Every structure is written in C-alpha cells, then in structure tokens.
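What follows is a short report on a single structure.
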Amino acid sequence: MKAIDGHARCDMNAFENMMRIYRTSRPRRLWRRITLSAGSLLAVKLLTSLTSPACAEQHTGVIIKQLLSTTTTSAGQKIVLPQKDVELVASIFEIPPQAQLPEHEHPYPRYGYILSGSLRVTNTETGQSNTYRPGDFVLEMVGKWHTGANEGAEPAKLLVIDFVEKGHANTVLRKSAE
C-alpha cells in the first residue's frame with residue numbers, strides 16, 4: 001500500500017517492476033515469447049491487487065470484516081488438521097431455546113460462526129465456559145469433553161465447518177457411567 005494524495009492506494013506497479021527486472025536479466029529473444037497483451041496485463045494486475053483485503057475493498061467496493069485470526073482453539077490448543085483424505089463438511093445447526101447438548105468431544109477441528117441467538121460452551125473437565133453471540137467465530141476445543149447450551153429465548157443458529165478424515169464423524173458423545 002502507498003499513500004497518494006492522502007489516500008491509501010495499492011501498489012499497482014509491483015507486477016510491472018517484477019517484469020522489468022525479468023526483461024533486463026534475460027535475452028530479448030526469450031522476452032518476445034512471453035509478451036502479454038494489454039488486456040492480459042490488466043487482468044494480472046487486477047488479480048494481484050485483489051490478494052490484499054485492503055486492495056479488494058478499494059477496487060471492488062467489497063467490505064471485508066476479519067472475524068478471527070488465531071493459531072489456537074478456544075482451549076488454547078494448537079490447530080492441527082487431519083493429515084490424510086481431508087473432507088470439509090459445512091452445516092447449519094439450529095439449537096432450540098433452553099436446549100442442552102449432551103457432553104461430547106471433537107477429534108478434529110470444528111469452526112462455528114454464530115448467526116443468531118447465543119450458545120454457552122462449557123469445558124466439563126475445567127468448568128470454564130464461554131458464551132458466544134451473533135457475529136462470534138468459534139474454534140471449538142479438540143479432544144476435550146464439553147457441553148453446549150442455548151440459554152436464550154430464541155433458537156441459536158450456527159454455521160459449522162468441520163475438517164475431518166473422509167468418512168469420519170466429528171462428534172463423539174461421552175458414554176454415561178452406568
């Protein structure tokens with residue numbers, strides 16, 4: 001980003017600078033083989049400018065609000081993705097008012113975005129709990145027993161994204177002691 005006339009601007013010349021260096025370091029004959037048309041160059045410049053959220057906002061009017069940037073789960077664990085045959089599963093969960101989810105754990109990362117209502121998640125091993133509300137993005141704890149509860153008067157609606165080994169479930173219910 002560069003400031004021009006007091007406004008933040010994307011550095012649209014980065015690609016051209018890279019190509020100028022390439023042209024001067026290579027024989028001219030090779031450069032003729034890879035010349036780009038003006039339209040192609042414009043498309044490349046636009047794509048490279050959109051790699052930055054700030055540039056995307058500036059050039060397209062798109063508003064980007066970062067929800068979360070983290071390397072750990074809600075329990076402070078390092079995020080580790082499955083190592084083979086990764087499958088992405090996206091779901092919408094709707095939890096009725098006053099509903100209590102059974103004690104469970106997740107063997108793989110689970111990401112949730114609260115669309116409406118609220119959800120209280122309690123780690124049953126430590127007793128620590130967090131309440132999540134609309135607009136909150138949650139990285140659930142992995143391999144830790146916990147419960148969830150909608151203590152509100154409206155349904156809690158969540159977008160849930162799981163990364164699992166293909167064909168595996170991401171919720172394990174705790175067996176009750178009989």
Side-chain angles (χ1 to χ4, degrees), residues 1 10-11 14-15 40 43-176:
M1 300 278 288
C10 295
D11 184 359
F15 179 77
S40 297
V44 169
K45 287 171 73 173
L46 179 61
L47 287 173
T48 57
S49 72
L50 295 179
T51 58
S52 160
C55 290
E57 289 178 22
Q58 177 182 346
H59 292 291
T60 63
V62 173
I63 296 172
I64 299 171
K65 177 183 174 189
Q66 182 171 314
L67 300 174
L68 179 68
S69 177
T70 185
T71 58
T72 61
T73 68
S74 60
Q77 303 160 301
K78 182 180 175 187
I79 298 170
V80 178
L81 297 175
Q83 296 301 303
K84 61 180 182 177
D85 298 327
V86 177
E87 180 179 19
L88 179 140
V89 180
S91 310
I92 297 287
F93 284 33
E94 190 166 318
I95 304 166
Q98 303 304 310
Q100 175 80 26
L101 300 176
E103 189 174 16
H104 63 280
E105 69 174 359
H106 305 290
Y108 303 103
R110 169 166 281 178
Y111 309 92
Y113 180 73
I114 311 300
L115 299 167
S116 63
S118 65
L119 181 67
R120 183 177 188 82
V121 177
T122 303
N123 181 326
T124 55
E125 297 170 5
T126 66
Q128 180 182 356
S129 53
N130 294 307
T131 300
Y132 302 100
R133 293 180 174 76
D136 288 343
F137 192 89
V138 185
L139 265 75
E140 288 204 46
M141 51 194 93
V142 176
K144 303 258 184 201
W145 295 107
H146 60 281
T147 61
N150 178 359
E151 298 171 344
E154 67 175 294
K157 206 171 204 181
L158 298 81
L159 168 64
V160 175
I161 300 169
D162 292 312
F163 286 99
V164 298
E165 282 189 25
K166 189 173 182 178
H168 289 202
N170 200 16
T171 301
V172 177
L173 299 179
R174 184 169 229 167
K175 295 181 177 158
S176 59

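Computed from a predicted model, the values in this text were never measured in an experiment.
The main-chain N or O of Ala156 is never found under 3.5 Å from a side-chain atom of Ser116 such that the two would form a donor-acceptor pair. With Asp162 contributing its side chain and Asn170 its backbone, the two residues share no donor-acceptor pair below 3.5 Å. Under a 3.5 Å cut-off, the side chain of Gln100 and the backbone N or O of Gln98 do not form any donor-acceptor pair. Side chain of Thr73 to backbone of Ala75: a donor-acceptor contact under 3.5 angstrom is found. In terms of modelled atom types and a separation under 3.5 Å, the side chain of Glu151 and the main chain of Arg120 share no donor-acceptor contact.
Of the options Thr122, Thr124, Thr147, a side-chain hydrogen bond (donor to acceptor under 3.5 Å, both in side chains) to Glu103 is made by Thr124 and by none of the others.
Across all non-hydrogen atoms, the minimal contact from Gly152 to Pro97 is O-CB, 3.4 Å. Nearest heavy atom pair, residue Leu173 against residue Trp145, reads C-CZ3, 3.9 Å. A pairwise comparison of heavy atoms in Tyr132 and Ser74 identifies OH-CB, 3.7 Å as the closest pair. Considering every non-hydrogen atom in both Asn123 and Lys144, the closest pair reads ND2-CD, 4.2 Å. Summarising the geometry of Pro107 relative to Val142, their closest heavy-atom pair is O-CG1, 3.6 Å, with the distance given to 0.1 Å.
Summarising the geometry, atom CD1 belonging to Ile79 is positioned 10.5 Å from atom CZ belonging to Phe163; distances are rounded to the nearest 0.5 Å. Separation of atoms CG (Asn130) and CD (Glu140) is listed at 11.0 Å; rounding is to 0.5 Å. Put simply, CG on Leu139 and CG on Leu68 are 6.0 Å apart, with the number rounded to the nearest 0.5 Å. With rounding to the nearest 0.5 Å, the separation of CE in Met141 from CD in Gln128 is 7.0 Å. The CD atom of Glu125 sits 8.0 Å away from the CD atom of Glu105 when rounded to the nearest 0.5 Å.
Residues Leu81 and Pro109 meet the side-chain proximity criterion, which asks for heavy atoms closer than 4.5 Å. Looking at Leu158 and Leu119, their side chains come closer than 4.5 Å, going by heavy atoms from C-beta outward. Taking 4.5 Å as the limit, some side-chain heavy atom of Ile114 sits within range of a side-chain heavy atom of Pro134.
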Evaluation steps, side-chain contact (heavy atoms from CB on, under 4.5 Å), between Leu88 and Ile161: CA-CA 7 Å; Leu88 179 140; Ile161 300 169; 4.1 Å; yes
side-chain contact (heavy atoms from CB on, under 4.5 Å) between Leu101 and Ile95, intermediate numbers included: CA-CA 9 Å; Leu101 300 176; Ile95 304 166; 4.0 Å; yes
Ile92 and Leu115: CA distance, side-chain angles, deciding distance, side-chain contact (heavy atoms from CB on, under 4.5 Å) verdict: CA-CA 9 Å; Ile92 297 287; Leu115 299 167; 3.9 Å; yes
side-chain contact (heavy atoms from CB on, under 4.5 Å) between Glu87 and Val164, worked out: CA-CA 5 Å; Glu87 180 179 19; Val164 298; 4.2 Å; yes
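Between His146 and His106, the ring-plane angle classifies as tilted under the 30° and 60° cut-offs.
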